[in-house]
Amino acid sequence: MQRWPSRLLVIAAVAGVAGCATWTRWTHKAESAGKPAPPAEAAQAHVMLVPGALKWQPFPPGGPGAKLAVLSGDPEKSGPFVIRIRQPAGGKTPPHWHPVDEHVTVVKGTMFLGMGEKLRKRGAREFPAGSYLMLPAKAPHFAWVGRKGEGIVQVHGTGPFKIVFVNPADDPRNKTGKR
């Protein structure tokens, strides 16, 4: 039980250091205006997308009709990423987990989410658009979209991001015939 106080202390210390660094960056002028700028190739490009510019692709792990759009990064590689997943009304994702933390924001529709290795509607919670969830790495969970309209969630984290189904037979990628 001693782990939580020490974890909170570490989190507070990291937040304090990050806050000081951010405060310094925003409140202090550059030390030397004569320093050369970093090379252009070293600067990361901006990502600015309007909804019509998203490139939706089939997303078999999300079940029939699910689509995925990569907004930034590459979820299959090491490093930060942002993706959106769109599922039709009533779309379900059986119990699964991820090897990394998953940060989820419900962008459209209503999502129901439950924790555990079996899909049980009774213990699930309802999350309307605007909701945020942080699901720790390797925590089994399941989800489905409400019956009224499609659902869109935005997921961000640090890759590589994978979906590991608790029961491999539930993985839509393993089903033959329908894709």
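Keep in mind that this is a model prediction, so the values were computed, not measured. Every heavy atom of this structure was used, including side-chain atoms; hydrogens, water molecules and symmetry mates were not.
Using cut-offs of 30° and 60° on the angle between ring planes, the pair H96 and F165 is tilted.
In terms of modelled atom types and a separation under 3.5 Å, the side chain of N174 and the main chain of P168 share a donor-acceptor contact. With hydrogens and angles disregarded, no donor-acceptor distance shorter than 3.5 Å links the side chain of D101 to the backbone of P136.
Applying the ring pair (Phe, Tyr, Trp, His ring centres under 6.0 Å) rule to pairs touching residues 50-87 yields F81-F161, sequence neighbours excluded.
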**Prompt:** side-chain contact (heavy atoms from CB on, under 4.5 Å) between H98 and L135: does it pass, once the steps are laid out?
**Reply:** CA-CA 9 Å; H98 312 281; L135 305 169; 5.7 Å; no

**Message:** Run L54 and R84 through side-chain contact (heavy atoms from CB on, under 4.5 Å) and show every step you take.
**Reply:** CA-CA 9 Å; L54 298 181; R84 286 199 184 161; 3.8 Å; yes

**Criterion side-chain hydrogen bond (donor to acceptor under 3.5 Å, both in side chains) on S131 and E126, from CA distance to verdict** = CA-CA 9 Å; S131 298; E126 180 177 342; over 6 Å; no

**Item:** Stepwise side-chain contact (heavy atoms from CB on, under 4.5 Å) check, E102 with L133
**Value:** CA-CA 8 Å; E102 178 183 30; L133 303 90; over 6 Å; no

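Summarising the geometry of G116 relative to P95, their closest heavy-atom pair is O-CB, 3.8 Å, with the distance given to 0.1 Å.
Partners of W144 under the ring pair (Phe, Tyr, Trp, His ring centres under 6.0 Å) rule, at least two apart in sequence or in another chain, are F112.
The hydrophobic cluster analysis finds V145 isolated: no Ile, Leu, Val, Met, Phe, Trp or Tyr side chain comes under 4.5 Å of it, directly or through other members.
Taking 4.5 Å as the limit, every side-chain heavy atom of E150 sits out of range of all side-chain heavy atoms of P88. Side-chain contact between M134 and V104: absent, with no pair of heavy atoms (C-beta onward) separated by less than 4.5 Å.
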